[in-house]
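Since the structure comes first, as C-alpha coordinates, the remarks are kept for the end.
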Amino acid sequence: EGENLRAPAGANGIIVSASAQGHPFLVDLGPTKPGDTAVVTVAAELAYLMQRALRQAAIGYFVLVVTGRPQPWSTIVGPGLQVVTIVPSTLPRDGRSIMAIIDMPAAKVPRADITMRVVAPNSTTGVVGVDVHLEQDSARTVLIRTAQFSHRGPIDLGHERNLIAGAGRGPRRRPAA
(Lines give C-alpha, C1' and ligand atoms only; values in the text may rest on other atoms or scores of the structure.)
Protein backbone atom coordinates (compact mmCIF):
# COMPACT_ATOMS: atom_id res chain seq x y z
CA GLU A 1 0.00 0.00 0.00
CA GLY A 2 1.35 3.42 -0.95
CA GLU A 3 4.26 1.91 -2.89
CA ASN A 4 5.50 3.66 -5.99
CA LEU A 5 8.56 1.66 -6.99
CA ARG A 6 9.97 1.60 -10.50
CA ALA A 7 12.92 -0.19 -12.09
CA PRO A 8 13.26 -2.58 -14.99
CA ALA A 9 14.65 -6.07 -14.69
CA GLY A 10 16.39 -7.19 -17.82
CA ALA A 11 19.59 -7.82 -19.73
CA ASN A 12 21.61 -5.01 -18.16
CA GLY A 13 22.25 -3.65 -14.70
CA ILE A 14 23.84 -5.31 -11.71
CA ILE A 15 23.26 -8.76 -10.32
CA VAL A 16 21.05 -8.46 -7.24
CA SER A 17 20.13 -12.15 -6.97
CA ALA A 18 19.51 -15.20 -9.13
CA SER A 19 16.42 -16.34 -11.03
CA ALA A 20 14.50 -19.52 -10.22
CA GLN A 21 16.56 -21.22 -12.96
CA GLY A 22 19.82 -20.06 -11.36
CA HIS A 23 20.59 -17.35 -13.93
CA PRO A 24 21.80 -13.94 -12.77
CA PHE A 25 18.89 -11.61 -11.90
CA LEU A 26 19.85 -8.15 -13.12
CA VAL A 27 18.21 -4.87 -12.16
CA ASP A 28 19.22 -1.56 -13.68
CA LEU A 29 19.45 0.69 -10.63
CA GLY A 30 20.26 3.76 -12.72
CA PRO A 31 17.87 6.62 -13.44
CA THR A 32 15.37 5.99 -16.22
CA LYS A 33 16.00 9.37 -17.91
CA PRO A 34 19.22 11.42 -18.26
CA GLY A 35 19.47 13.99 -15.48
CA ASP A 36 17.04 12.02 -13.32
CA THR A 37 17.98 10.31 -10.07
CA ALA A 38 17.12 6.89 -8.72
CA VAL A 39 16.41 6.08 -5.09
CA VAL A 40 17.04 2.61 -3.70
CA THR A 41 16.33 1.52 -0.14
CA VAL A 42 18.08 -1.45 1.41
CA ALA A 43 17.25 -3.39 4.54
CA ALA A 44 20.10 -5.87 4.67
CA GLU A 45 23.32 -6.79 6.38
CA LEU A 46 26.51 -4.86 5.68
CA ALA A 47 27.83 -7.63 3.40
CA TYR A 48 24.93 -7.08 0.98
CA LEU A 49 25.59 -3.32 0.90
CA MET A 50 29.25 -3.96 0.19
CA GLN A 51 28.34 -6.28 -2.64
CA ARG A 52 26.12 -3.60 -4.18
CA ALA A 53 28.96 -1.05 -3.91
CA LEU A 54 31.52 -3.37 -5.49
CA ARG A 55 29.22 -4.32 -8.35
CA GLN A 56 28.22 -0.72 -9.11
CA ALA A 57 31.90 0.33 -9.14
CA ALA A 58 32.66 -2.64 -11.41
CA ILE A 59 30.30 -1.30 -14.09
CA GLY A 60 31.92 2.14 -14.03
CA TYR A 61 30.12 4.13 -11.35
CA PHE A 62 31.94 6.29 -8.82
CA VAL A 63 30.61 4.96 -5.51
CA LEU A 64 30.64 7.18 -2.43
CA VAL A 65 29.84 5.46 0.87
CA VAL A 66 28.80 7.73 3.76
CA THR A 67 29.05 5.71 6.95
CA GLY A 68 29.49 5.90 10.69
CA ARG A 69 31.30 2.54 10.62
CA PRO A 70 34.31 3.02 8.30
CA GLN A 71 36.39 0.09 9.63
CA PRO A 72 34.52 -2.74 7.89
CA TRP A 73 34.09 -0.64 4.73
CA SER A 74 37.87 -0.05 4.57
CA THR A 75 38.36 -3.52 3.10
CA ILE A 76 36.75 -2.52 -0.21
CA VAL A 77 38.14 0.98 -0.78
CA GLY A 78 39.75 1.27 -4.19
CA PRO A 79 39.50 2.99 -7.57
CA GLY A 80 35.95 4.19 -8.08
CA LEU A 81 35.02 3.62 -4.44
CA GLN A 82 35.41 6.11 -1.59
CA VAL A 83 34.33 5.74 2.05
CA VAL A 84 33.77 8.89 4.12
CA THR A 85 32.42 9.67 7.57
CA ILE A 86 31.66 13.32 6.79
CA VAL A 87 29.29 14.16 3.96
CA PRO A 88 31.08 16.17 1.24
CA SER A 89 29.48 19.40 0.05
CA THR A 90 29.88 18.33 -3.59
CA LEU A 91 30.38 15.05 -5.41
CA PRO A 92 33.17 14.53 -7.95
CA ARG A 93 31.97 15.00 -11.52
CA ASP A 94 34.51 13.32 -13.78
CA GLY A 95 32.04 12.02 -16.34
CA ARG A 96 31.15 8.85 -14.48
CA SER A 97 27.75 8.24 -12.98
CA ILE A 98 27.67 8.48 -9.18
CA MET A 99 26.10 6.18 -6.62
CA ALA A 100 25.90 7.36 -3.01
CA ILE A 101 25.36 4.70 -0.37
CA ILE A 102 24.02 6.24 2.82
CA ASP A 103 24.97 3.93 5.69
CA MET A 104 24.41 6.59 8.32
CA PRO A 105 21.04 7.68 9.73
CA ALA A 106 19.79 11.08 8.59
CA ALA A 107 22.84 11.84 6.41
CA LYS A 108 22.01 14.01 3.41
CA VAL A 109 24.24 13.90 0.35
CA PRO A 110 24.45 16.10 -2.72
CA ARG A 111 22.50 14.86 -5.74
CA ALA A 112 23.78 11.53 -7.06
CA ASP A 113 22.59 9.48 -10.03
CA ILE A 114 21.68 6.68 -7.60
CA THR A 115 21.12 7.16 -3.89
CA MET A 116 21.01 3.94 -1.89
CA ARG A 117 19.77 4.46 1.66
CA VAL A 118 19.87 1.91 4.48
CA VAL A 119 16.50 1.44 6.19
CA ALA A 120 15.25 -0.75 9.02
CA PRO A 121 13.99 -4.26 8.20
CA ASN A 122 10.24 -4.53 7.65
CA SER A 123 10.13 -0.77 7.25
CA THR A 124 7.07 0.33 5.31
CA THR A 125 8.52 3.85 5.05
CA GLY A 126 11.50 2.37 3.25
CA VAL A 127 9.48 1.54 0.15
CA VAL A 128 7.37 4.67 -0.33
CA GLY A 129 8.52 6.96 -3.14
CA VAL A 130 11.57 4.94 -4.17
CA ASP A 131 12.49 3.12 -7.35
CA VAL A 132 13.78 -0.16 -5.89
CA HIS A 133 13.56 -1.71 -2.43
CA LEU A 134 15.96 -4.53 -1.54
CA GLU A 135 15.20 -6.44 1.66
CA GLN A 136 17.27 -9.35 2.91
CA ASP A 137 14.78 -11.77 4.42
CA SER A 138 17.27 -14.49 5.40
CA ALA A 139 21.02 -15.06 5.38
CA ARG A 140 20.68 -16.49 1.85
CA THR A 141 17.77 -14.64 0.19
CA VAL A 142 16.74 -11.13 -0.76
CA LEU A 143 13.38 -9.67 -1.79
CA ILE A 144 13.52 -7.16 -4.64
CA ARG A 145 10.46 -4.94 -5.05
CA THR A 146 9.56 -2.39 -7.70
CA ALA A 147 6.24 -1.16 -9.08
CA GLN A 148 6.49 -3.75 -11.86
CA PHE A 149 7.54 -6.85 -9.94
CA SER A 150 8.51 -8.54 -6.73
CA HIS A 151 11.17 -11.24 -6.75
CA ARG A 152 12.73 -13.32 -3.98
CA GLY A 153 16.03 -14.86 -4.89
CA PRO A 154 19.18 -16.40 -3.51
CA ILE A 155 22.26 -14.35 -2.61
CA ASP A 156 25.83 -15.41 -1.89
CA LEU A 157 27.65 -13.06 0.49
CA GLY A 158 30.50 -15.35 1.49
CA HIS A 159 33.25 -13.15 0.02
CA GLU A 160 31.90 -9.95 1.57
CA ARG A 161 31.33 -11.59 4.96
CA ASN A 162 34.96 -12.74 4.91
CA LEU A 163 36.09 -9.19 4.14
CA ILE A 164 34.11 -7.88 7.12
CA ALA A 165 35.47 -10.59 9.42
CA GLY A 166 39.02 -9.71 8.35
CA ALA A 167 38.50 -5.97 8.82
CA GLY A 168 38.84 -6.20 12.58
CA ARG A 169 42.01 -8.28 12.47
CA GLY A 170 44.31 -5.75 10.80
CA PRO A 171 46.97 -6.63 8.24
CA ARG A 172 48.21 -10.19 8.11
CA ARG A 173 51.87 -10.78 8.83
CA ARG A 174 53.97 -13.42 7.16
CA PRO A 175 55.67 -15.91 9.44
CA ALA A 176 59.39 -15.29 9.92
CA ALA A 177 61.54 -17.46 7.66
Do M50 and I114 share a hydrophobic cluster (ILVMFWY, side-chain heavy atoms under 4.5 Å, transitive)? yes
In this structure, OG1 of T37 is separated from CG of D131 (nearest 0.5 Å) by 7.5 Å
Show every side-chain hydrogen bond (donor to acceptor under 3.5 Å, both in side chains) that has at least one partner inside residues 104-118, sequence neighbours left out. none
Please report the shortest heavy-atom distance between L91 and P110, naming the atom on each side. CD1-O, 3.5 Å
Under the rule for side-chain contact (heavy atoms from CB on, under 4.5 Å), what residues qualify as partners of R140, not counting sequence neighbours? S138
Here the pair of heavy atoms bringing A57 nearest to G80 is CB-O, 4.0 Å
Supply the atom-to-atom distance L143 CG to I155 CD1, rounded to the nearest 0.5 angstrom. 11.0 Å
Has E135 got a side-chain atom pairing as donor or acceptor with V142's backbone, closer than 3.5 angstrom? no
Does V40 reach the side chain of M99, with side-chain heavy atoms less than 4.5 Å apart? no
Measure the CZ-CZ distance between R152 and R145 for me, rounded to the nearest 0.5 Å. 10.0 Å
So the salt bridge (charged side-chain N to carboxylate O under 4.0 Å, His left out) pairs with at least one residue in residues 57-67 (sequence neighbours excluded) are none
Check the hydrophobic clustering (I, L, V, M, F, W, Y; side-chain heavy atoms under 4.5 Å; chains of links allowed) and say if V66 and Y61 are grouped together. no
Could you state the interatomic distance from OG1 (T146) to CG (L134), rounded to the nearest 0.5 Å? 10.5 Å
Residues two or more places apart in sequence or in another chain: which of them pass side chain to side chain donor-acceptor pair (under 3.5 Å) with D156? none
Non-neighbouring partners of A53 that pass side-chain contact (heavy atoms from CB on, under 4.5 Å), sequence neighbours left out: V63, W73, I76, L81, I101
Minimum heavy-atom separation for P70 and T85, please, with both atom names. CG-CG2, 3.7 Å
Who are the side-chain contact (heavy atoms from CB on, under 4.5 Å) partners of Q82, not counting sequence neighbours? F62, L64, V84
Quick one: CZ on R69 to OG on S74, what's the gap to the nearest 0.5 Å? 12.5 Å
4.5 Å side-chain heavy-atom contact, E160 and L54: yes
Under the side-chain contact (heavy atoms from CB on, under 4.5 Å) rule, collect the residues that match up with V118, sequence neighbours excluded. L49, D103
Is it possible for you to say whether V109 and V65 belong to one hydrophobic cluster, with membership spreading through side-chain heavy-atom contacts below 4.5 Å? no
Where is the tightest heavy-atom contact between A47 and I164, given as atom of each residue plus distance? N-CD1, 3.6 Å
Kindly state each residue pair satisfying salt bridge (charged side-chain N to carboxylate O under 4.0 Å, His left out) with at least one member in residues 15-25, sequence neighbours excluded. none
Please check if the side chain of Q136 supplies one atom and the backbone of E45 the other of a donor-acceptor pair under 3.5 Å. yes
Tell me whether the NZ or CZ atom of R52 lies within the 45° cone about the ring axis of Y48 and under 6.0 Å from its centre. yes
Starting at CE of M104, measure out to CD1 of I102 and round the result to the nearest 0.5 Å. 9.0 Å
